2 protein chains.
Amino acid sequence: MGAVTARDLARHLGVSQSMVSRAFSPGASVAPAMRARILRAAEELGYRPNVIASALSRRRSSLVGIVMAELTNPFYPAVLEQLNAALREAGFQSLLITIPPGGSADDALPMLRQYHVDAVVLTSASLSSASASHWLGDGRAAVLFNRTAIGPTRLDSVACDNVGGGRMAAEALLAHGCRNPAFVAGRADTSTSHDRERGFRAALAGHGLTPLRIEAGDFSYEAGHRAARALGGADGVFFANDILALGGLDALRHEMGRRVPDEVAVIGFDDIPMGAWPAYRLTTLRQPVPEMIDRTIGLLRARLGGDDAPPRAERLPASLLRRGSL
Amino acid sequence: MGAVTARDLARHLGVSQSMVSRAFSPGASVAPAMRARILRAAEELGYRPNVIASALSRRRSSLVGIVMAELTNPFYPAVLEQLNAALREAGFQSLLITIPPGGSADDALPMLRQYHVDAVVLTSASLSSASASHWLGDGRAAVLFNRTAIGPTRLDSVACDNVGGGRMAAEALLAHGCRNPAFVAGRADTSTSHDRERGFRAALAGHGLTPLRIEAGDFSYEAGHRAARALGGADGVFFANDILALGGLDALRHEMGRRVPDEVAVIGFDDIPMGAWPAYRLTTLRQPVPEMIDRTIGLLRARLGGDDAPPRAERLPASLLRRGSL
DNA sequence: ATAAGACTTGCATCCGTATGCAATCCGGCC
DNA sequence: GGCCGGATTGCATACGGATGCAAGTCTTAT
């Protein structure tokens with residue numbers, strides 16, 4: 001490993017290794033001229049601080065674990081890409097953990113702990129509150145992304161206002177003239193599906209309506225496709241997310257021969273790229289992903305900076321994106 | 001940071017820290033009884049070796065960098081998920097690097113080097129041969145996934161037989177009766193697009209045909225959509241990959257009113273999930289992703305084990321997956 | 001001019017694990 | 001019973017940087 005070390009560089013310059021180290025730590029006590037000299041020499045000799053050694057010594061790795069469960073839902077790759085970019089910009093590097101369907105993030109935490117990850121961002125994965133508080137125990141941070149804590153936890157979360165989104169879906173269907181609305185639920189143990197349904201029901205109840213409820217059981221195209229068969233005479237359907245909605249749309253149009261939106265209006269949630277394709281033109285509730293990511297980074301920074309305030313639940317508004325399915 | 005260290009555990013047991021370390025290194029010299037005792041105590045006290053410290057000392061991090069450029073092409077999330085799982089199973093942890101569109105993997109390597117990543121898997125990203133050999137310099141491994149080395153490199157690669165796949169596409173179109181075939185190319189600097197085109201042209205040439213060639217310029221739905229408008233009177237189109245093909249299909253059907261496959265046959269490459277959806281039923285060439293991943297892991301293992309053989313280019317056959325578009 | 005400060009720099013040590021080498025132990029065999 | 005050799009164990013140190021503390025340098029105010 002011919003890598004240049006801080007010592008090599010120090011010897012080359014006739015200074016101490018400490019100075020090299022300090023030249024690379026913002027805010028350390030180094031004369032500007034010295035820092036410049038060191039940085040220039042580092043450039044020449046190709047020295048770059050060894051992050052591993054640094055992590056060992058500082059007890060901070062600049063690694064952030066991203067826990068993802070549903071990479072097959074196109075919403076998440078998009079999140080992953082943006083989140084990864086944002087983390088990098090914030091000076092972190094992402095360690096990716098994917099959870100097998102139905103698995104819990106609990107299993108992943110020990111591994112992340114071993115890697116001395118500074119923080120975790122949990123998307124679409126459940127976490128027992130036991131491991132959560134264990135995790136938070138020692139200066140580590142954790143943020144739930146697109147999930148809210150179930151039960152009493154000390155976990156921060158960032159999500160869009162799913163309840164409000166559900167309400168908007170209801171209003172849009174009502175305005176379109178629907179009288180027989182239906183809701184297709186996704187995985188039962190997710191706060192997103194719950195909250196969206198809650199808002200939807202509440203708004204409908206205000207008009208004396210109760211939606212037909214169908215359990216898709218899962219957030220997948222196939223589940224949406226199957227669920228659509230149980231729709232009966234519904235004239236408007238709110239799917240818990242877009243991937244379900246696309247499956248539903250295909251079933252409604254190609255298998256059941258129903259015209260959308262004339263006979264059935266369809267609305268989804270997330271705004272995944274495929275929803276915009278001409279074959280679908282899905283009307284949906286857009287999640288403000290970039291803003292959500294900003295908040296996430298903000299929370300991480302604050303927590304790692306020692307912020308001890310009670311857990312925050314950031315809620316960002318969804319917005320109705322009208323296309324052709326409603 | 002109350003983490004239990006090897007020393008704590010050693011003190012607790014009245015043995016030396018070395019023994020604890022050895023108890024956790026397979027193949028080390030430890031009496032079976034001693035190892036059992038240590039492992040049991042570790043369990044009780046909640047000791048887990050600190051991977052960071054271990055990496056520093058062994059100069060092996062068990063980290064593998066995954067470099068991805070096109071997470072928006074649904075083929076890659078699927079690859080990522082499987083690759084990540086396979087790496088984990090092989091005892092590695094993935095560090096994810098995403099490259100902005102058009103960026104080069106070169107920029108990512110310094111960072112990966114800093115993290116003492118043992119190996120990199122490069123998907124859909126180009127790498128100059130200079131940085132490649134620099135990288136390979138010191139015991140690190142690198143594998144190109146779904147790409148082949150351009151020019152003389154010492155890089156291993158795993159991909160499917162794109163040339164053969166292109167040939168199969170041509171044969172399928174010919175068998176279907178096409179006389180005016182077209183090829184829609186993706187990003188110009190990718191070996192995949194090149195190779196697929198090469199096989200396609202060669203097979204057509206055998207029948208005295210030359211395909212109309214359209215540059216989509218990019219591997220995206222939108223690019224495919226645009227490209228389709230230039231198709232003119234082609235009666236069969238081979239798109240360089242599925243995401244292009246889906247865009248093309250939508251344009252052909254919804255914008256240009258052409259019936260598929262009767263007026264135009266369409267064939268793609270990759271086998272992404274959306275291709276199977278009823279709205280598309282895209283005929284395509286399936287890449288054997290699980291096998292490709294197996295080979296990738298195999299190569300990494302071999303190289304990290306000190307295998308110094310000349311670079312290998314693993315080629316796995318694509319297979320025609322007939323659906324409704326041809 | 002001189003002493004109190006404010007900066008800079010170097011020294012020594014720590015972070016937690018791995019590992020070459022020497023010391024020790026044990027069983028078996030003559 | 002004593003000696004030999006392999007299996008175990010402990011010691012000491014390396015990995016590459018970070019950082020508290022003391023020493024040294026340069027201002028600046030009196």
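The structure presented is a predicted model; accordingly, all values stated were derived computationally and were not measured. Throughout, a chain's letter reflects where its sequence line sits, starting with A, and its residues are numbered from 1.
Here the side chains of B/Arg312 and B/Asp307 are in contact, with some heavy-atom distance below 4.5 Å. The shortest side-chain heavy-atom distance between A/Leu109 and A/Leu112 falls under the 4.5 Å cut-off.
Taking 4.0 angstrom as the limit, A/Tyr115 places none of its side-chain polar atoms (N or O) nearer than this to OP1 or OP2 of C/dG16. Residue A/Arg60 places no side-chain N or O under 4.0 Å from the OP1 or OP2 atom of D/dA18. Checking the phosphate oxygens (OP1, OP2) of D/dA18, a side-chain nitrogen or oxygen of A/Ser54 falls inside 4.0 Å.
Of the candidates C/dT19, C/dT9, D/dC15, the closest approach to any side-chain atom of B/Ser21 belongs to C/dT19. The side chain of A/Ala6 sits closest to D/dG17 out of C/dT9, D/dG17, D/dT8. Checking C/dT17, C/dT8, D/dG17 against the side-chain heavy atoms of B/Pro49 singles out C/dT17 as nearest. Of the candidate nucleotides C/dT9, D/dC15, D/dA18, C/dT9 has the atom nearest to the side chain of A/Met34.
Between A/Arg11 atom CZ and D/dG16 atom C1' there is a gap of 12 Å when expressed in whole angstrom units. In this structure, A/Gln114 places its CD atom 10 Å from P of C/dT17, rounding to the nearest Å. We find that CD of B/Gln17 is positioned 15 Å from P of D/dT9, with the value rounded to whole Å. C/dT17 atom P lies 18 Å from atom CZ of B/Arg59, rounded to whole Å. Between A/Leu56 atom CG and C/dC15 atom C1' there is a gap of 4 Å when expressed in whole angstrom units. Between the NE2 atom of B/His116 and the P atom of D/dC15 there is a distance of 12 Å, given to the nearest Å. Distance A/Arg58 CZ to D/dG16 C1': 13 Å, rounded to the nearest Å. In this structure, CE of A/Met19 is placed 17 Å from P of C/dA12, rounded to the nearest angstrom.
Counting all heavy atoms, side chain and backbone alike, A/Ala23 lies closest to A/Arg35 at O-NE, 3.1 Å. B/Leu83 and B/Ile293 get closest at one heavy-atom pair: N-CD1, 3.4 Å. Listed here is the closest heavy atom pair of A/Gly46 and A/Val4: O-CG2, 4.2 Å.
Mapping B/Val30 and B/Ala53 onto DNA chain D by nearest heavy atom places B/Val30 at the nucleotide closer to the 5' end. Across the interface with DNA chain C, nearest-nucleotide mapping of A/Ser16 and B/Ser57 shows A/Ser16 to be the residue nearer the 5′ end. Comparing A/Arg48 and B/Arg22 by the nucleotide of DNA chain D that holds the closest heavy atom to each, the one mapping nearer the 5' end is B/Arg22.
Among the atoms of the strands shown, none is found under 4.0 Å from any heavy atom of A/Val20. Residue-level contact check: A/Thr5 touches the backbone only, with heavy atoms under 4.0 Å from sugar-phosphate atoms and none from bases.
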>> Determine whether A/Tyr76 and A/Phe219 satisfy the following criterion, ring-ring contact (aromatic ring centres under 6.0 Å, His included), listing intermediate values before the conclusion.
In response: CA-CA 12 Å; A/Tyr76 287 107; A/Phe219 285 119; 8.7 Å; no
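With hydrogens and angles left out, the side chain of A/Ser18 and the base of D/dT19 share a donor-acceptor pair within 3.5 Å. Evaluation of atom-type donor-acceptor distances gives a pair under 3.5 Å for the side chain of A/Arg7 against the base of D/dG17.
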